[in-house]
There are 2 protein chains.
Amino acid sequence: MPDTKITAKRGRPRAFDRDEALAKAQLLFHAKGYDALSVADLTQALGINPPSFYAAFKSKLELYDEVLRRYEKTNGLDVDTALAPGTPLPDGVAKLLRYAADAYARGGPCGCMVIEGARGTADPQAGQKACARMEASRAYIREKVVVLDAKNAEICSDYIMMSFAGLSASARNGMSTERLRVMAAIAADGFSSYLEKDV
Amino acid sequence: MPDTKITAKRGRPRAFDRDEALAKAQLLFHAKGYDALSVADLTQALGINPPSFYAAFKSKLELYDEVLRRYEKTNGLDVDTALAPGTPLPDGVAKLLRYAADAYARGGPCGCMVIEGARGTADPQAGQKACARMEASRAYIREKVVVLDAKNAEICSDYIMMSFAGLSASARNGMSTERLRVMAAIAADGFSSYLEKDV
DNA sequence: TTATTTTTGTATCAGGCACTACACAATCCT
DNA sequence: AGGATTGTGTAGTGCCTGATACAAAAATAA
């Protein structure tokens, strides 16, 4: 009976750690963006040659897509906690924006990789990949908001995404986490006021 | 006595209208961004050949800088009106964000050329040019805010710039002017609440 | 006319980009 | 051992980028 081991290894073994390389690539893409990071930069940083790179990751674009999904797992905001059922919507928005403020300047002034990649990426395919991930996030947030306040779900998710973009941009401009938190709180207060008028 | 005419023309006259070309280049840079717009794209759109392009504009980078300044003149927000002396700061912020909402989706989903160019531009020199213009705008706004409320000038200008970035990103994502205005009003309300707590 | 200056079109340039052909090396399976 | 399979290093592919060399053309100045 054949061994059902996941890493069915036949042939010459890979000389580098693929996951480690993926983590490094994530940091590089996050810091420099898709266009400004060349395959030559990557191979040099990873200490490998182009054929090894393409054997492991297929192409720059596929690596980017894989990195985007990894980023969501490692750096994704805890939407479920922020918008847990039963949470008053204003509190949920405040929490979520606070999470973003905490995250976007962590480990350097890089903002959100998905949001930054969704715009300003010259390569159309890469931009589309990032846009797709951003839309998925928006949809997930909207889904959670609907449970809390179906009537305001659209405007709420729009406002959250806009605030994310503003916070991400500010973070990339060097704003401190402390100051980002203040910005997030102010923005959240605005949505709170909006709901009060409405109800 | 020599003619002091500004257009002292000697030699073969230019076969195209430089200002017109500048306006076209502005639209193109605004729509596609610095990196995604090649010199070949430009020369083709302008109906000229590379040597004519370089004779008129020196380089892609210098044209971009010229376009950025032209953009500020043609599409710049009326900060002086929004933040005129005597205006209550919350009203000024609301006006300014409203202006941005009105402007960012005008003529297509392009957002603010300066803000979008300041990030996400792979070419470091071009990114620096856009960043410099954005910093100049921030400084100008802060200067006007100081007159209205010196104590809150820093946090206010930070919040305005963050909101601009959020609005610009949303506009580029296709948000309508109508919806952008709602977003701007909500964001402005947040700053209003912040000031009320503080005073 | 003749000289000078500037623009124009043709045909490139060198350099960086993502990516690969090829032969060899290193492992597993029989 | 021998065959199959997979990764690696050297070297290079074609393509697109921003930018030019060059000579002819079109204007002014003397």
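Keep in mind the model is a prediction, meaning the values are calculated, not measured. What you see below is based on every heavy atom in this structure, not just the backbone, and it leaves out hydrogens, waters and symmetry mates. Below, read A as the first sequence line, B as the second, and so on, with proteins coming before strands; counting in each chain starts at 1.
With rounding to whole Å, A/Leu46 atom CG is found 12 Å from D/dT8 atom P. Atom-to-atom, CG of B/Leu42 to C1' of D/dC16 comes out at 15 Å; the value is rounded to the nearest Å. Distance CG (A/Asn49) to P (D/dT13): 18 Å, rounded to an integer number of Å. Distance OH (B/Tyr64) to P (D/dT17): 18 Å, rounded to an integer number of Å. Rounded to whole Å, atom P of D/dG18 lies 12 Å from atom CG of B/Leu63. As a whole-Å value, the separation of A/Phe57 CZ from D/dT6 P is 18 Å. Following rounding to the nearest Å, A/Arg18 (CZ) and D/dG7 (P) show an atom-to-atom distance of 10 Å. Taking atom CZ of B/Phe53 as the reference point, atom P of C/dT8 lies 13 Å away to the nearest angstrom.
Closest approach to the A/Tyr54 side chain among D/dG18, C/dC19, C/dT7 is made by C/dC19 (side chain taken as heavy atoms from C-beta onward). When the nucleotides D/dA21, C/dA18, C/dT20 are ranked by their closest atom to the side chain of A/Pro51, C/dT20 comes out on top. Ranking C/dT7, D/dT8, D/dA19 by closeness to the B/Arg14 side chain, first place goes to C/dT7.
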Exercise. What is the per-nucleotide protein-contact pattern of nucleotides 23-30 of chain C, from the 5' end, where B denotes a base atom under 4.0 Å from a protein heavy atom, S denotes such proximity for sugar-phosphate atoms only, and - denotes neither?
Worked result: --BBBBS-
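Residue B/Leu37 is classed as a sugar-phosphate contact, given heavy-atom separations below 4.0 Å to backbone atoms only. When heavy atoms are screened at a 4.0 angstrom cut-off, B/Phe16 is found touching the sugar-phosphate backbone but no base atom.
Geometrically, B/Lys60 does not engage B/Phe29 in a cation-pi contact, judged by NZ or CZ lying under 6.0 Å from the ring centre and within 45° of the ring axis.
Between the side chains of A/Asn49 and A/Ser52, no donor-acceptor pair of N or O atoms lies under 3.5 Å. For the residue pair B/Ser192 and B/Asp189, no side-chain donor N or O sits within less than 3.5 Å of a side-chain acceptor on the partner.
Distances shorter than 4.0 Å separate none of the side-chain N or O atoms of B/Ser52 from OP1 or OP2 on C/dT7.
Comparing B/Pro50 and A/Ala15 by the nucleotide of DNA chain D whose heavy atom lies nearest to each, the residue mapping closer to the 5' end is A/Ala15.
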Problem set entry | Evaluation steps, side-chain hydrogen bond (donor to acceptor under 3.5 Å, both in side chains), between A/Asn173 and A/Ser170 | CA-CA 5 Å; A/Asn173 239 51; A/Ser170 298; over 6 Å; no
